[in-house]
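Encoded as structure tokens, the structure appears first; notes follow it.
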Amino acid sequence: MMSFTYKGNQFFAEECAVADLAKAHGTPLFVYSKAAIEANWQQFAQHWPAPHKLCYAVKANSNLAVLNLLARLGAGFDIVSGGELARVLAAGGKAQDVVFSGVGKSHDEIAYALDQNIGCFNVESAAELERIQNIASEKGVVAPISIRVNPDVDAQTHPYIATGLKANKFGIAMTEALDVFRRGATLANLDMRGVDCHIGSQILSPKPFLDAAERMFDLITKLRGEGIQITHLDMGGGFGIPYQQEEKLEVSGYLQTLQEKAEKLGNLKLMLEPGRAIVGNAGIMVTKVEYYKPGSEKNFLLVDAGMNDLLRPSLYNAYHAIVPVERHDGVDEQLVDVVGPVCETGDFFGHARHLAAQEGDMLAVMNAGAYGFTMASNYNTRPRAAEVMVHGNTATLVREREPLASLWQGEHLLGDDA
Ligand SMILES: *Cc1c(COP(=O)(O)O)cnc(C)c1O
């Protein structure tokens with residue numbers, strides 16, 4: 001799939017010249033490819049027949065146009081806040097197709113999700129189970145429950161995005177899971193119907209997923225042996241994408257193996273929560289070179305995007321390829337650090353890159369579709385970037401650049417007597 005590619009010396013998003021998009025909408029600018037999102041979705045969906053279900057992890061990219069596109073493709077959604085539920089509903093998704101993950105669900109979030117008739121709560125602690133029971137009881141409803149178990153497998157990924165180890169805050173330990181289920185089964189306003197796990201993110205080998213699945217199958221067998229009728233297993237997300245030259249994860253093989261193994265247990269609906277794998281390579285961030293700043297030890301390309309726009313390099317030391325939007329013949333490449341204007345040394349997009357770029361040139365930061373805009377902030381009082389989705393030769397502004405004055409809207413001065 002070639003959604004972002006050169007035609008001659010010009011970089012294109014589908015049939016749209018990226019330079020034209022930058023001219024029309026300014027920079028920094030996120031550009032998403034509709035075709036890429038659809039192709040990524042199909043890569044999962046074609047190997048995942050009903051009753052199995054895919055719930056897109058909203059936190060990867062929660063733009064309404066992205067959510068709406070996925071809802072039309074038949075997606076369910078995995079959310080981690082009441083705000084994400086409201087977004088899904090605003091984008092035309094149905095609460096029945098939503099699973100609610102997250103370690104810290106507040107009283108109000110649980111109440112809101114119950115009022116909306118949420119598909120399932122992925123419960124992460126014994127205390128949360130009691131809280132949901134209490135709220136459901138007050139409302140006179142029955143809450144659909146899955147327990148998030150921590151299978152204690154090493155996903156071999158960055159420590160900040162490994163979530164399936166005993167030392168992580170996520171999920172309930174395998175050893176405690178049985179007791180939590182037994183307790184849940186005694187509570188009148190809970191329907192104990194599923195188990196789930198999510199072992200981390202940016203995982204590029206099927207092995208940790210399959211190790212986790214074996215442990216989940218064992219748990220389901222035990223629970224069924226005690227008369228607790230588990231009808232679904234949600235294996236979470238975490239499917240990695242190549243950012244550099246890493247070998248691609250073979251999604252289809254994993255999906256098929258998982259289904260074969262699940263068939264042995266019988267009557268088990270499988271669910272997955274892919275986020276990054278759906279949107280990661282379907283987006284780029286376009287930024288303009290403000291200055292070329294040569295130095296005695298390093299040369300810098302100072303660009304108009306900052307860590308507030310794309311945090312992954314600063315937060316995880318993540319690698320993103322950076323390419324020129326227009327290639328100039330005969331201009332020499334320099335060894336440069338690509339850095340932003342934010343007042344932090346950690347504000348960078350790439351170290352020691354070979355780029356031929358000068359003041360005024362545009363660069364595309366690749367694979368910025370996941371955990372890009374959704375992690376953006378207003379640090380340094382910087383308005384968040386605009387977002388565009390291309391479809392063939394059509395480009396739609398799916399989020400306007402934030403107006404400056406909106407950044408202090410809702411702030412108040414002290415009164416005269418203060
Ligand atoms: C973040 C998250 C996902 C999605 O992870 P990806 O690595 O983007 O696929 C899925 N499920 C849960 C519970 C998550 O927290």
Side-chain angles (χ1 to χ4, degrees), residues 1 35-61 69-78 97-99 101 119-120 122 146 148-149 151 153-157 161-164 193-221 230-243 246-282 369-370:
M1 198 218 4
I37 295 173
E38 287 168 337
N40 289 337
W41 181 259
Q42 289 311 334
Q43 215 201 319
F44 284 84
Q46 69 182 349
H47 300 292
W48 207 240
H52 304 320
K53 200 166 156 181
L54 293 170
C55 291
Y56 166 70
V58 171
K59 73 178 189 287
N61 186 324
L69 172 61
L70 288 166
R72 285 188 281 137
L73 290 170
F77 297 93
D78 167 55
D97 297 326
V98 175
V99 297
S101 303
C120 197
N122 289 349
S146 162
R148 177 167 175 181
V149 180
V153 296
D154 186 355
Q156 307 208 318
T157 185
I161 50 179
T163 54
R193 62 167 73 157
V195 290
D196 65 283
C197 68
H198 170 71
I199 58 173
S201 200
Q202 186 52 16
I203 298 165
L204 286 161
S205 147
K207 183 159 187 311
F209 291 120
L210 290 170
D211 288 350
E214 290 300 340
R215 294 179 191 196
M216 301 303 280
F217 290 140
D218 286 349
L219 176 64
I220 291 169
T221 305
I230 297 301
T231 54
H232 82 245
L233 166 62
D234 179 346
M235 285 299 297
F239 310 98
I241 61 167
Y243 282 93
E246 305 97 320
E247 208 169 311
K248 222 171 155 289
L249 172 72
E250 278 313 323
V251 168
S252 61
Y254 167 60
L255 266 51
Q256 273 154 12
T257 308
L258 200 58
Q259 286 169 65
E260 282 160 23
K261 287 178 184 282
E263 262 161 38
K264 293 197 192 112
L265 278 81
N267 187 29
L268 191 62
K269 172 171 151 181
L270 294 171
M271 292 161 71
L272 296 172
E273 304 167 349
R276 185 191 313 272
I278 305 300
V279 289
N281 69 0

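Please read all numbers here as calculations on a predicted model, not as lab measurements. Just so you know, these numbers use all the heavy atoms, side chains as well, and skip hydrogens, waters and symmetry mates.
One finds the CZ atom of Arg72 at 8.0 Å from the CD atom of Glu38 (value rounded to the nearest 0.5 Å). In this structure, Glu250 CD and Leu255 CG are separated by 11.0 Å, a value rounded to the nearest 0.5 Å. Summarising the geometry, atom CG belonging to Leu265 is positioned 4.5 Å from atom OG1 belonging to Thr221; distances are rounded to the nearest 0.5 Å. Taking NE2 of His47 as the reference point, atom CG of Leu272 lies at 12.5 Å (rounded to 0.5 Å). To the nearest 0.5 angstrom, Leu73 atom CG is 10.5 Å from Leu54 atom CG. Here NZ of Lys207 is found 13.0 Å from OH of Tyr254. Values are rounded to the nearest 0.5 Å.
At least one side-chain heavy atom of Leu249 sits less than 4.5 Å from a side-chain heavy atom of Pro206. His52 is not listed as a side-chain neighbour of Met271, based on a closest heavy-atom distance of 4.5 Å or more. Contact check for Val99 versus Glu273: side-chain heavy atoms found under the 4.5 Å cut-off. Annotation: side chain of Val195 is not in contact with side chain of Asp234 (no heavy-atom distance under 4.5 Å). Contact annotation: the side chain of His232 approaches that of Cys120 to within less than 4.5 Å [non-hydrogen atoms, C-beta and beyond]. Contact annotation: the side chain of Glu247 never approaches that of Pro242 to less than 4.5 Å [non-hydrogen atoms, C-beta and beyond]. With contacts defined as side-chain heavy-atom distances shorter than 4.5 Å, the pair Leu233/Phe217 qualifies. By the 4.5 Å heavy-atom criterion applied to side chains, Thr231 and Lys269 are not counted as neighbours.
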Please evaluate residues Phe209 and Val153 with respect to the criterion side chain to side chain contact (heavy atoms under 4.5 Å, CB included), reporting the C-alpha separation (whole Å), side-chain torsions for both, the decisive distance (0.1 Å), and the verdict. CA-CA 9 Å; Phe209 291 120; Val153 296; over 6 Å; no
Before you tell me yes or no, could you show the steps for His198 and Met235 under side chain to side chain contact (heavy atoms under 4.5 Å, CB included), namely the whole-Å CA-CA distance, both residues' side-chain angles and the distance that decides it to 0.1 Å? CA-CA 6 Å; His198 170 71; Met235 285 299 297; over 6 Å; no
Where do Lys261 and Thr257 land on the side chain to side chain contact (heavy atoms under 4.5 Å, CB included) test, with the steps shown first? CA-CA 6 Å; Lys261 287 178 184 282; Thr257 308; 3.7 Å; yes
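Between Tyr56 and Phe77, the two ring planes are perpendicular [angle over 60°; tilted spans 30° to 60°].
Here the closest heavy-atom approach between residue Ala277 and residue Ile241 is recorded as CA-CG2, 3.9 Å. Here the closest non-hydrogen pair linking Phe239 and Pro274 is CD1-CB, 3.7 Å. Heavy atoms only, all atoms of each residue included: Asn40 and Asn281 are closest at ND2-OD1, 2.8 Å. Across all non-hydrogen atoms, the minimal contact from Ile230 to Leu268 is O-CD1, 4.3 Å. In plain terms, the two heavy atoms of Asp196 and Ser146 that are nearest each other are OD1-OG, 2.5 Å. Of all the heavy atoms in Trp41 and Ala75, the pair that sits closest is CH2-CB, 3.3 Å.
For Gln46, the CD atom sits in a packed shell: over 12 heavy atoms of surrounding residues, nucleotides or ligands are nearer than 6.0 Å.
Contact check on Asp211 versus Arg215 returns no salt bridge, with no Lys/Arg side-chain nitrogen under 4.0 Å from an Asp/Glu carboxylate oxygen.
Not a single donor-acceptor pair under 3.5 Å links the side chain of Arg276 to the backbone N or O of Ala60. In this structure, the side chain of Trp48 engages the main chain of Lys53 through a donor-acceptor pair within 3.5 Å.
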